[in-house]
Each structure stands twice: as structure tokens, then as C-alpha cells.
Amino acid sequence: MSTAYQPETVEVAAQELWRDSKSFEVGEDTDKEKFYCLTMFPYPSGKLHMGHVRVLTISDTIARFQRMQGKHVMQPMGWDAFGMPAENAAIKNNVPPAQWTYANIKEMRAQMDRLGYAYDWSREIATCDPKYYRWEQWLFTKMFEKGLVYRKNSIVNWDPVDQTVLANEQVIDGRGWRSDALVERREIPQWFMKITAYADELLEELERMPGWPDSVKTMQTNWIGRSEGVELTFDVVGEDEPLTVFTTRPDTLFGVTYMAVAAEHPLAEKAAATNPEIAAFIEECRKTDAAEATLETMEKKGMALGISVVHPLTGEEVPLWVANFVLMSYGTGAVMAVPGHDERDWEFAKKHGLPIKQVIAPEDGSEIDIDAAVYIDKGLTVNSGDYNGLSYQDAFNAIADWFEDNDRGRRTINYRLRDWGVSRQRYWGAPIPIIYCDDCDAVPVPEQDLPVVLPEDVQFTGHGSPLKDMPEFVNVKCPQCGKDARRETDTFDTFVESSWYFARYACPDSSEAMLDERAAYWLPVDQYTGGVEHAILHLLYSRFFQRVMRDEGLTEVTEPFTNLLTQGMVLKDGAKMSKNKGNVVDPQELIAKYGADTVRLFMMFAAPPEQALEWSDDGVQGSFRFLKRFWNAVDEHVDAGPVAALDPAALDAGQKDLRRKTHQSIAKIGDDIGRRYTFNTAVAASMELVNAVTRFGDQSDAGRAVVQEALEAVTLMLSPMVPHICHALWARLGHETALIDERWPAIDESALEADLIEIVVQVNGKLRGRVSVAAGADNDTVAAQALEDPNVQRFVEGKEVRKTIVVPGRLVNIVV
RNA sequence: GCCGGGGUGGCGGAACUGGUAGACGCGCCGGAUUCAAAAUCCGGUUUCCGAAAGGAAGUGAGGGUUCGAUUCCCUCCUCCGGCACCA
């Protein structure tokens, strides 16, 4: 009985079966190979957008594919539930952030279910649940005990009108997004995690992570930014304390013609105390937001401090400047300037009329004009006193030795990576478990008092954190001495929650420990999929937390994610689809119109996963059309009656061709999904096979048997991407048991063999003909046959054949 | 500014290890079906010359290596992402 493809009916039926039979709930099965398939969990903004649909569908496809390979697959889902949007919504709609967040979670979970994702919902996590965040509070106190956290002053964006700290995102062109006031940099005390203690380990392990894309590993390597150099001290005239700088180029030391410090440097502040012009300049430097991109792109400005610094080797005095491009957060907040051999120093010297001195010459002996162009390559030292004529390495060592021998400096390794500031002056986050006591200073909250629960019934005004106005939260007794004390009102950066959630999915209900023995079964994550925008911060913090948990004895695993797939953005009008930009395409409408399978198929077909996908409304229709054609192809085939068993030995040439196509497709699609992650080409190959079946038209018993095999194969192979329609068609093809428990189709090697293959013939690299040759023919035979082609003859005739290149199975190139 | 990734028909993309550029799909054009429309089916579709056979050009720009380059190397342009308080 012929039927029309009705997506909603088909999809609801499949989803009901999966739910009723708990198809995706898994325990720990030690008999099977486990496969932990994870997607970066979403922020519960309220609605799924296309970026979500893309990443969730990629991950779901991998999970379902691995299940068909016989693996014991766990795919959990949860919510990165803390963050600023909930606070903004609270201000706007007067709804408590918790209520808003939980309502969003409910809505988004329903949308995910409608899309048919294979999640083990019994493991669901929301990071705003005290049962979750108590364990990161606990880990923080453990890190406190080990000295892995500390408090220091650090720079924030300050809105002088709203009297509040702003996130970088809330600074638009240097102004506060609500007040429009010029943002200032301000220093406040904040908590830091010592990620730099793991810098070397995080860097070195990258070399042994074949499952990660090179681009991500390169970005992390550069982010950590390990550089070997020397710390040098320069005496400051009239000061007891010398000035310390870090340099990777001690070989250029004789080229120092000035020095520069950051605006926040103590020497700059000291000079400002007696010189109003300098004070004004420093004040001006502060009037910018704290984002590095802002600092790096603004005009390079500076001012002489009227302080001299003594060159340690020549004894000459060079001027000390304050400059807006020197970062207090990198190195020592002071730099030695070598304008001859550093691009930025050169430009700064040109602008301010500072001397430029050549101390490095090219190794090939060529002349350079240091006044006309900077020379940054390594070379031989010149104009360098006793150190002339040395190579980079020799000069580096000789000068480093001198400083170490004279106790004026030391070889050291510097990192671009900075310690992780985790304090946020915001309400909707996990409270930092610290109590401040006048006598005992900062005291971690004892384990028995955890969690420090965030009060959820708050009056939310938007003027600073409401926690500060809650005496019942703030006023506590000191856990050490029992005197009156104050609770920390800052909350954790939301990256803290997302740095360990992947581990908690293994044992989300564990009430006795952060992780239990189930984590040993599931960790590490076998396949992690998420946006490329997380390539550095989230992934680096997670690798750091995994090591902290390891050193706490919670796990033996060092690297949390074995294989990483970074999926590209979904762009609309050339920009990232985001709520902020208002260029969001709502998947819901498309699901209502075409069904979940069409949406899933289109997302997978439109672009390879790692590339950005420019959204276009055209094309979704095409995916729907294909599913209808696929449905009808099965329908017509089944309606024609029972199918005889396939006898591969009794096929004619046409039947063999279709069967070869089937098995070639099994090989290609399995490779595309399993190894290459090129789901777009897997879909294309499936379409080709369906097209081949539709065009086939052979209604003989053998022909119909070959078609049955082809349709079964394509149904199985498309099921990871479009599971609902395949579920229905599998039954239609005569199977009593559900597709969800089927294995990936097997390749019959003998079906792949062909008698004749087509060889391309080139003359001088240009395509001139094609010849059909026997599959096993040797190179000489192929070359001879190629030469016989009439069109090839036209180009070879009367010319001398100088060379003939035969690429077996592919082409012949005749060079004349 | 620094770091990473892109740029191929009208559009999304394919070409996996240097070997047929444009698979698959969209769009468009023509045809069939229909009272008509939708849906569906068939054919065509890089550009230029040509009736065709065939030829020439062609993968952001310019140069290089090679019998052969979308693929490797150099220089440049441009777009996207990240830059530590967006998630």
C-alpha cells in the first residue's frame, strides 16, 4: 500500500519508540568498547538557533554512527546555565534569573527532543544547580590549600556613571553600553587560578594529541606563548630598586636607546606624583577599556618620565619613558627598547626622535641602513663593545652569562599565558566560597558548610550585585576564629562551570564526591564537538581543570578530549548568527514545515562541518525533496511485491554495476562519516546511490534483489543523520526489529571489482581523450592504447614523444 | 596590532596523498503531466569561439617549483573567528 511521506507522523512514532524503550540511557558495560560523545553544552537562551542545530546534529550523527559500529555510546546533554543574559532578562522583564533560566531549559529541551537527538537525559546537568556547583566550590578550596589560587589586584572595565564593572562585551567603542560613558580601567582585588603552573605541561602534551586539529593546537601553543629569554636588571638613577625587564633578544642589548614602562608601573606613578603632565598622561592611558585588541590597535603614545636608567654594560644613561603599549600584565611591565631591531620600538623612536642604533648586521655581510628600515632578523653583533662578531646564540649566551655571573639577571622562561582571573562582580554565578575576617584574612568555606548556595529569590535592580544588599548572605562568622566576618559576594567566571562538566556527566548524581568510579569508565571524552570560537579559552581551561582534578586524585586521565571537532559558525549576512545581532533564523519554523529530518539533513549537507556555513533559505527545500524521492523509491520497490534472495554469482552487467555502486557507497560513506567527518559528501554519495536505484528500472528477480540490497544499505547509512525516516523505511523494507539496534552494512569486496576502467589521456598535461582498459593491464599496454586514441593522435602526430607518464588506474600523460 | 582559518560556476559546495576542475544539491532555461496551479518527472546549464566535432580561457591577485598545481613555496588583497569579563 503506497503512502506519502509525512514527516511529523514518522518522527513522533520513532521518538516514542526510543523514549519508551529507553534506547539512549546507558550504564557502564565493560564488555563493550565505550564511546563518550559530547557536544559543548549550550547556554539556555530560550530557543535553539541554527548554530545549536548544526553542532547537535553533527554530534548526534557521530554518536549514532559509532553505535552502529558496535560501541557502547553515551551522549549526555546539559546546560551552561549561569551568565549575563539571565541578569539582563531579569532587569528587562523583572523575572528572577533562576526562574527565567529554568523556563528556558524546559523549552530548549523540548526542541531538542523534537529534533530526535539521542541523549541520555538521565544524566542532565544544569550548572546553576547547587548540587553541581558545590563541587567546584569544593575544588576551589582544595586549590586554595595547595596555593593554586591567590588574590591580587587586577584591571577591570569601570563604568563611572553606572558605578559598575563591565564585561568587554558591554563596552561599545570605549563606552558603557547603557550609560554611554567613557569606560575607564580600574584595579580591584580578584581571585586567580594558577594555570601558569601547568603551562609547560599544557604545551608539551599538545604534541601528543593526534585527535585535535592542527589549527587549534597551534592557537593554543601561541596563546601559551612560551619564550626563552633573560631577565635583566637596570639601575635607575636616584632609586634603590633596579628596573627589571624580560627580553628574548639579549644579543641586541647594546642597541638599547631608551626604556619604557606601563602606565600602571610604580615608577610611572612615582613620576606622576611630582609632574602633572605625566599624571595627566597616565590618566589618559586609563581611559580605555581593558581589551587587548583595543590596546594593541590604538595609537602608540608615550612620554619621557625625566628618569634615567643606566645601561648595565656601557654605563651610559638612557631615558625612561611611560608608554601605552607596554602591558602591565605581560612580563614585568617594563621593556628595554631596541629601535634598530624591533619594529614597534623603531616606529616609536622615529615618532619621538629617539636615537636608533645598529647592533646586528646581516650574516651575509650585506649593508643595511638602520635609519631607513628596521632589521629584525637574527645576525651578527656589531657596535657591541666586547661582544662584536657573535652569532645570535653566542651573543645570547655570552650576555646571559655576564648577567648571571654578576648577579644582575638570570635566564628565564616567560609565558604569554596569564593566570586565570575567576572573580566576577555579578550575581548570577556560583558564589566564590571565601569568607573575609579582619584577623584571619581570606578563609575558605569549610567542606561541611558547602555548598554556598546562591539565594535565588532576589530583588534584581541591575545596580551591582544584589548579594551585597543581603545581610543574611554577607554576614557570617569566621570559620577559623568565630568572629564576625563577611562573605565574598563575587561569583565565579562561568568558564569555571564549563571546565569540568564533561567529567560530571559520568556521575551526575554523585553526592559524596565530585567524581566517582564511573568517571574512570567514561573518561576521557572520545569525541568532543563544538564551535571553533572556543578553540582557546574553554578548551584550555578544561585541560587545566582536568589536571587539577587528576592531581587531586579524582581521575587518572590527563587530557579530557581525545578527538576534537571544531565546527564553523552558522553565518547570516556574513556575520555570526547570534541573538545580539538579531540575525537569527528560527529552526522551529522549518521543523514545522518540513520536519526534523529535513532540517538535520540540510545542516549536514550544506557545508563541511569545520567551515563556516553561510545560511540561505534556498536549499532546505532540496533536502526535503530528496527525502520524498527516497521515500517514494522505497515505496515503489516494496509495492512491487516480495523480493527474492540475492545471488551475487548470477547477475548481469547492469545488475553488477548497481551492486558495485552500492558497495562503493558503503565504503565511501563509512569513511566520510567515520574518518573524515565530511558529512556533506556522505549525503551526496547517498543521493547518488538513490539516483542510481531510481534510474535502474530492472524488474527481474535478480534486479529487484540488487535494489533491495541498495535501499537497505542507504537506509542504514542515512540513519545517523536522518534517523526518523530511516526508522520508518527500515520497517517498510520488511524488517521486524527496530533500525536503532542495527549495525553498519558490511562491504562485499568481490562486488567492488570491475573488468574495465577508464583512463584519462593527456598530451603535455592537457586532457585529449579517454580510453577504456582492462583492469589489470600493465603500464606499457595502457600507454600504447592511449596513443591510439584518434584525438590524442591529432596532437602527437609528427612530433617526437619525449616522455610518457603512466599513473596506474588514473591517467597517461604524453609529453611531446 | 597579534594568532588561527577561508576565498573554486548565478548560489552552497566536490576534487581525500601533486594526476579528468565543477560530484551532489540549489537556482535558472526548455520539455512532459495538468482545465489551471502546486507537486512530480525528463533534458540542459563555468565562460568565450563553433551547427557540431572540437578548441581556448578558467579555482581572490601576481610570481615560482613540476610532465602535470584548486592542492606545494614566496609576495600581496580580502572575508570570517579569537584576543583573556559574551557564551
Side-chain angles (χ1 to χ4, degrees), chain A residues 40-43 45 80 82-85 156-157 165-171 190 213-216 218-223 225 290-298 300 325 329 344 416-426 493-495 498 531-538 540-541 566 568-569 571 574-576 578 580 602 605-608 610-616 618-623 625-626 628-629 632 671-672 675-676 678 680-681 683-688 691 694 758-767 770 791 794 802-805 807 810-815:
Chain A
M40 291 179 188
F41 64 168
Y43 178 80
S45 55
D80 189 13
F82 280 133
M84 288 203 308
V156 293
N157 300 309
V165 175
L166 297 179
N168 284 339
E169 192 196 44
Q170 297 171 313
V171 180
Q190 310 210 66
D214 288 337
S215 59
V216 174
T218 307
M219 278 192 264
Q220 293 216 347
T221 301
N222 292 336
W223 185 261
E292 187 172 309
T294 311
L295 299 173
E296 290 276 344
T297 49
M298 66 194 183
K300 308 283 177 283
F325 58 83
S329 52
R344 197 163 59 183
R416 210 187 72 91
L417 179 69
R418 307 196 293 261
D419 279 336
W420 177 13
V422 294
S423 295
R424 296 292 179 272
Q425 296 70 46
R426 276 184 264 286
D493 177 3
T494 59
F495 272 123
S498 58
V532 66
E533 68 272 23
H534 294 293
I536 296 174
L537 290 178
H538 162 62
L540 196 61
Y541 292 148
T566 51
M569 313 269 161
L571 307 176
K576 179 181 174 178
S578 76
N580 286 347
F602 178 70
F605 183 51
E610 306 219 62
Q611 269 181 42
L613 185 157
E614 170 69 39
W615 179 263
S616 106
D618 303 336
V620 181
Q621 179 84 31
S623 293
R625 248 196 315 252
F626 168 69
K628 276 195 290 189
R629 273 197 296 130
N632 292 338
D671 189 49
D672 282 353
R675 178 181 65 89
R676 298 176 65 211
T678 51
N680 54 328
T681 57
V683 173
S686 304
M687 287 174 168
E688 282 189 56
N691 290 346
T694 334
E758 192 187 66
I759 296 285
V760 161
V761 188
Q762 297 179 333
V763 179
N764 285 350
K766 282 189 190 287
L767 176 68
R770 297 156 205 274
N791 200 48
R794 281 177 51 208
R802 289 200 294 184
K803 201 172 174 185
T804 303
I805 294 144
V807 182
R810 280 195 176 270
L811 62 71
V812 177
N813 188 13
I814 300 161
V815 185

Do A/R675 side-chain and B/C16 base share a donor-acceptor contact under 3.5 Å? yes

Could you tell me whether A/R810 and A/E758 make a salt bridge, using a distance below 4.0 angstrom between a side-chain N and a carboxylate O? no

Whole-Å distance separating the [atom1] atom of [X] from the [atom2] atom of [N]:
X	N	atom1	atom2	value
A/F41	B/A87	CZ	P	11 Å
A/M687	B/G12	CE	P	17 Å
A/M219	B/C2	CE	P	17 Å

Sugar-phosphate atoms are those with a prime plus P, OP1 and OP2; base atoms are the rest. Using that split, label each nucleotide of nucleotides 37-49 of chain B B, S or - for protein heavy atoms under 4.0 Å, 5' to 3'. --SSS--------

Close side-chain approach of A/Q762 and A/L811, heavy atoms under 4.5 Å: yes

At 4.0 Å (heavy atoms only), tell me whether [X] reaches a base, stays on the sugar-phosphate, or touches nothing.
X	value
A/P608	sugar-phosphate
A/F325	nothing
A/H534	base

Pairing check on B/C83: which nucleotide meets the Watson-Crick or G-U wobble criteria with it, both distances under 3.5 Å? B/G1

Partner of B/G43 under the Watson-Crick or G-U wobble criteria, both distances under 3.5 Å, comes out as B/C29

Taking [M] as the reference, what is the distance to [N] when you measure between their [atom1] atoms (whole Å, please)?
N	M	atom1	result
B/U71	B/U66	C1'	13 Å
B/U46	B/A14	C1'	15 Å
B/G62	B/C77	P	15 Å
B/G12	B/A23	C1'	13 Å
B/G13	B/A21	P	22 Å

Ring-plane angle category for A/H534 and A/F495, please: parallel below 30°, perpendicular beyond 60°, tilted otherwise. perpendicular

Selected nucleotide, minimal atom distance to A/L537 side chain, candidates B/A84, B/G1, B/C24: B/A84

